[in-house]
Amino acid sequence: MKNIINYGIGAMLLAFGSVMTACGDFEPTGYEPLPELPTVSGLKAEISGHTINVSWQLPSEAGITGIQFIKDADNRNPVQLGSDATSYEVKGQPMGVEGLFTVKVCYDDKYVSEGVSTTATLPQETLAGVTGLTHSVSGRTVTLSWSLPSGGDITGVRVLRDGDVDAAINLPASATSYEMKAQPMDVDLTYGVQVIYDEYYPSETTTVKARVPYIAPKMAYLLTADSWQNLPDDDERAAAEWFSLQENAEFIQPSQIAELDVDLYPVMWIEIDRVGLELGWQNLPQEVSSDAAIAALKAYTANGGNLYLSNMATQLTVPLGIVPENMAPTVYGNGDGGSGDDVWVINPYLGWDFRDGSDQGFYDRTTHAIYQGLTLEDPNGYGYQNLPLIGPGQREDHNCLWDCNIYGRGSYPDVIANFEATTGSLVLATWGHVRDHCVAGLVEFYANANHGRCIANGLAAYEWNQNSGPNPYQHNVEQLTSNILNYLK
């Protein structure tokens with residue numbers, strides 16, 4: 001029976017997978033070595049291309065329950081093989097490095113024979129790389145093109161920027177071009193292409209230098225009406241009117257999302273704040289919740305586009321795959337609100353009561369870029385600094401945020417840490433009066449392979465038009481918004 005062992009391309013480390021074995025659930029310290037037990041014979045290692053074929057003959061004795069294959073005397077991590085195994089293919093062995101291969105025989109799921117060993121060394125060789133590497137720049141997209149060498153053992157192509165192997169892009173073996181989107185601007189970059197042979201062996205890197213000229217990025221605001229003046233709620237109109245006065249700001253209709261160039265429009269703002277709107281993302285305006293709109297938004301963010309979702313729009317994190325379906329915002333309000341004499345503030349000090357030591361964490365988010373240029377105060381006498389967003393008077397209590405207690409601590413110190421680890425996020429603020437970790441109101445969700453960055457702001461204090469008169473903290477609402485949009489560019 002033939003088996004195969006592989007070594008990773010980076011450090012060429014042995015990946016010991018569990019191959020079905022009659023040795024059962026092996027524990028290295030659970031087997032008793034007996035030197036007198038019969039061993040394998042005729043062990044040899046033969047090189048074929050980049051593969052080392054190790055083979056042996058089994059002893060004729062009864063009671064064999066498995067075979068252990070060991071590389072480089074790593075007895076703590078033997079590969080477990082079936083009782084009839086007589087060969088193993090080793091792939092990914094580093095060139096020019098002698099490999100030591102040892103085979104032991106398991107008996108009665110209890111005993112193991114002495115090992116028999118052999119060595120082999122793959123010859124060092126220079127592998128052919130791509131030729132004719134060229135590049136072109138369009139907007140913030142760098143397109144690379146190349147020609148492949150001949151050879152049937154090519155199994156992939158790898159593209160690197162500035163030699164960063166960890167962030168390398170792996171392409172099929174037939175790839176001869178690739179578009180690098182949303183590239184850094186106004187800096188010299190080195191792009192490299194490698195050919196991968198037999199899954200593990202990279203060629204020499206062929207490189208080309210490129211520079212993307214600076215392009216002033218635009219901010220997009222997704223309208224749910226034909227113009228901002230016709231938006232149905234005073235808060236949405238106030239937000240859109242402010243946006244219309246910003247530099248490089250542009251309103252877009254849902255029909256334009258699919259054709260939006262992420263290089264030119266790296267951030268999109270969706271603001272929904274309406275009295276009487278029912279809980280649930282499906283109840284959001286159809287301009288943002290229809291199948292076509294969700295598909296277009298998914299494509300936009302999958303291409304690297306970033307989203308600012310404010311007020312009730314935080315619910316879009318669910319259909320866009322930013323949070324799991326079972327982690328939709330549940331703290332929700334949609335009423336007319338009421339009057340109050342206090343100041344509504346948001347709190348960037350998470351777990352204030354745990355700052356002097358506790359099994360739960362204290363997280364100071366005040367250094368995040370979204371707080372730049374903002375002055376923290378304590379208008380309500382809470383004993384710590386907050387960011388005031390709306391003053392006394394009439395306020396709509398329109399929260400749309402996460403109750404982290406629902407999800408528990410998991411294996412983390414507290415519910416905030418668990419929420420962040422589960423969703424790939426950083427909680428930036430909670431309710432102003434909260435001294436523990438109960439709610440996540442302002443959250444940055446990190447980019448991943450499926451979507452760009454997203455900041456979701458579901459705090460009721462974030463209200464664009466105070467119905468009872470001018471908001472003394474309107475500047476903070478505007479500056480916070482400006483900071484978020486600029487951060488997401």
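Rounded to the nearest 0.5 angstrom, Phe101 CZ and Asn53 CG are separated by 10.5 Å. One finds the SG atom of Cys438 at 11.0 Å from the CD1 atom of Ile406 (value rounded to the nearest 0.5 Å). Expressed to the nearest 0.5 Å, how far CZ of Arg161 lies from OG1 of Thr207 amounts to 15.0 Å.
Tyr265 and Gln256 share no side-chain donor-acceptor pair at under 3.5 Å.
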From CA spacing to verdict: side chain to side chain donor-acceptor pair (under 3.5 Å), Tyr191, Gln183: CA-CA 11 Å; Tyr191 295 91; Gln183 296 303 285; 2.8 Å; yes
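Of all the heavy atoms in Ile294 and Val288, the pair that sits closest is CD1-O, 3.4 Å. The heavy-atom pair separating Gly139 from Val212 by the smallest distance is O-CG1, 3.4 Å.
Between the side chain of Arg453 and the main chain of Ala447, no donor-acceptor pair closer than 3.5 Å is present.
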Enumerate, atom names and distances included, each donor-acceptor pair closer than 3.5 Å involving a side-chain atom of residues 114-136, sequence neighbours excluded.
{"from": "Ser117", "atom 1": "OG", "to": "Thr102", "atom 2": "OG1", "distance (Å)": "2.6"}
{"from": "Glu125", "atom 1": "OE2", "to": "His50", "atom 2": "NE2", "distance (Å)": "2.7"}

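For the ring pair (Phe, Tyr, Trp, His ring centres under 6.0 Å) condition, the pairs that include at least one residue of residues 280-311, sequence neighbours left out, are Trp269-Tyr308.
Checked options Phe445, Trp431, Tyr332; the residue passing with Trp402 is Phe445 (criterion: ring-ring contact (aromatic ring centres under 6.0 Å, His included)).
Aromatic ring centroids of His437 and Phe354 lie under 6.0 Å apart.
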